[in-house]
Asker: 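I am attaching a structure below and will ask some questions about it afterwards.
Heavy-atom basis, side chains included; hydrogens, waters and symmetry copies ignored. Every chain is numbered from 1, with letters handed out A, B, ... down the list of sequences.
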2 protein chains.
Amino acid sequence: MRLTTKGRFAVTAMLDLALRQDNGPVTLAGVAERQRISLSYLEQLFGKLRRQELVASVRGPGGGYCLARDARNISVAQIITAVDEPLDATQCGGKENCLDEHRCMTHDLWSSLSRRMYDYLDSVNLHELMVQQRDKTTHRVVVHDHSARPGVSEMVRVQL
Amino acid sequence: MRLTTKGRFAVTAMLDLALRQDNGPVTLAGVAERQRISLSYLEQLFGKLRRQELVASVRGPGGGYCLARDARNISVAQIITAVDEPLDATQCGGKENCLDEHRCMTHDLWSSLSRRMYDYLDSVNLHELMVQQRDKTTHRVVVHDHSARPGVSEMVRVQL
DNA sequence: ATAAAGTCGACTGAATTGATCGGGAATTGG
DNA sequence: CCAATTCCCGATCAATTCAGTCGACTTTAT
């Protein structure tokens, strides 16, 4: 699983969509303007998201995109893997041609690690992000954490 | 935080190093051959790892690289961020020039999400990977001591 | 002195990123 | 029906990153 700004764009756009789909389909032009992402680029991303059946499209005036399922049922991992090319990552791609003493340590290690990464991102869904974002914009309740780790902090309390 | 094959190479090479440093410094030529990574490319990666003080070098015959500290004290996150360019990620980079109604949803969302990713990778250290790899190659038993992550609802709650 | 090893900088081809453009097809409102 | 709106698709592009290569250099053990 790759993690770049491309996936970030997709997650951001999906969140914008999720927060606004109550008033019917959301146009890409709107998302592009609000999130400052190129419209044509968004079209490419949403082409993939639609083919992965994460969103559904409505053509014509008044059209746009909606989530294809409940926000609770769309994970961040699904969004990212939908738009990112599948990072092959193993040079011995299943062929086991790395017959040295370690017998493909690379493959074992990375598949395990990337599996754990995926599991984590798969445990975060769109609905949680919506709640988190609503809390921020409406109540502006931001909890700063200055306790444990010095240097990096500023965490936000997520309401459940 | 970016996640590509570059970081994977670095983690793999560091693990190879960790598993062999008992017999003194490990040469990059050895790592390159065992892990099938270009020597010159490894040199670039280890240049960064050395400048980040994750490894120490010994020049001359019999030289090579050693870990700069205990394997328990080197996290996967440290390795990856050492070799990857810092992914800027925010188009409103601190400048807050995204003054629309959402007021920089992008920044808040992604910094929170990427922070959680970093925390996770920072919780995995080289020593764990060594144990896991040793178990695999000798007993072929996979240890999942880390898997007791809480469920979805608990995951959202950011540690305070 | 020689050889083994790290160090450094420049360079390269391929892929990916993010964006632009032009031309469609579907559908709605008038 | 017609025109505007919106999704859809393909080609193309500059910039960046990836992964690797090369050549020259420094340090040090024998």
Asker: Can you tell me if the side-chain N/O atoms of A:S38 get under 4.0 Å from OP1 or OP2 in C:dT20?
Answerer: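 For A:S38, the contact criterion (side-chain N or O under 4.0 Å from OP1 or OP2 of C:dT20) is met.
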Asker: Each nucleotide N or O in nucleotides 9-16 of chain D that has a protein N or O under 3.5 Å away: list the pair and distance.
Answerer:
residue : atom : partner : partner atom : Å
D:dC9   : OP2  : A:R50   : NH2          : 2.8
D:dC9   : OP2  : A:R51   : NH1          : 3.4
D:dC9   : N4   : A:E43   : OE1          : 3.3

Asker: Considering every strand and a 4.0 Å limit on heavy-atom distances, what is the contact class for A:F46: base, sugar-phosphate, or nothing?
Answerer: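 Contact class for A:F46: none.
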Asker: The criterion is side-chain hydrogen bond (donor to acceptor under 3.5 Å, both in side chains); which residues satisfy it with A:K6, sequence neighbours excluded?
Answerer: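 side-chain hydrogen bond (donor to acceptor under 3.5 Å, both in side chains) list for A:K6, sorted by chain: empty.
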Asker: Pairs under 3.5 angstrom, nitrogen or oxygen only, protein versus nucleotides 24-28 of chain D, please.
Answerer:
residue : atom : partner : partner atom : Å
D:dT26  : O2   : B:R59   : NH1          : 3.2
D:dT27  : O4'  : B:R59   : NH1          : 2.7

Asker: List the residues meeting salt bridge (charged side-chain N to carboxylate O under 4.0 Å, His left out) with A:R115, not counting sequence neighbours, and say none if there are none.
Answerer: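 For A:R115, the residues satisfying salt bridge (charged side-chain N to carboxylate O under 4.0 Å, His left out) (neighbours in sequence not counted) are A:D119.
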Asker: Output a table of donor-acceptor pairs, distance under 3.5 Å, between side-chain atoms of residues 54-68 of chain B and any protein atom two or more places apart or on a different chain; print 'none' if there are none.
Answerer:
none

Asker: For residues A:S75 and A:N125, is any side-chain donor paired with an opposing acceptor at under 3.5 Å?
Answerer: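 Side-chain D/A pair, A:S75 to A:N125: absent.
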Asker: With sequence neighbours excluded, tell me which residues meet side chain to side chain contact (heavy atoms under 4.5 Å, CB included) with A:S38.
Answerer: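 Side chain to side chain contact (heavy atoms under 4.5 Å, CB included) list for A:S38, sorted by chain: A:S40, A:Y41.
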Asker: Expressed in angstrom and rounded to an integer, what is the separation of A:K6 atom NZ from C:dA15 atom P?
Answerer: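 For the pair A:K6 NZ and C:dA15 P, the rounded distance is 15 Å.
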Asker: So B:L28, base contact, sugar-phosphate only, or nothing? Heavy-atom distance under 4.0 Å.
Answerer: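 Contact class for B:L28: sugar-phosphate only.
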Asker: Show every salt bridge (Lys or Arg N to Asp or Glu O under 4.0 Å) that has at least one partner inside residues 43-54 of chain A, sequence neighbours left out.
Answerer: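 Residue pairs with at least one partner in residues 43-54 of chain A: A:K48-A:E85.
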Asker: For A:V26, which contact category applies under a 4.0 Å heavy-atom criterion: base, sugar-phosphate, or nothing?
Answerer: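 Sugar-phosphate, no base atom in range.
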Asker: Under 4.0 Å between a side-chain N/O of A:T27 and OP1 or OP2 of D:dC7, yes or no?
Answerer: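 For D:dC7, OP1/OP2 do not have a side-chain N/O of A:T27 under 4.0 Å.
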Asker: Taking side chain to side chain contact (heavy atoms under 4.5 Å, CB included) as the definition, give me every residue that meets it alongside B:T81, ordered by chain and number, with sequence neighbours left out.
Answerer: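 In terms of side chain to side chain contact (heavy atoms under 4.5 Å, CB included), with neighbours along the sequence ignored, B:T81 is linked to B:M1, B:Y118.
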Asker: Which salt bridge (Lys or Arg N to Asp or Glu O under 4.0 Å) pairs, counting each pair once, include a residue from residues 62-72 of chain B, with sequence neighbours left out?
Answerer: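 Sorted pair list: B:D70-B:R72.
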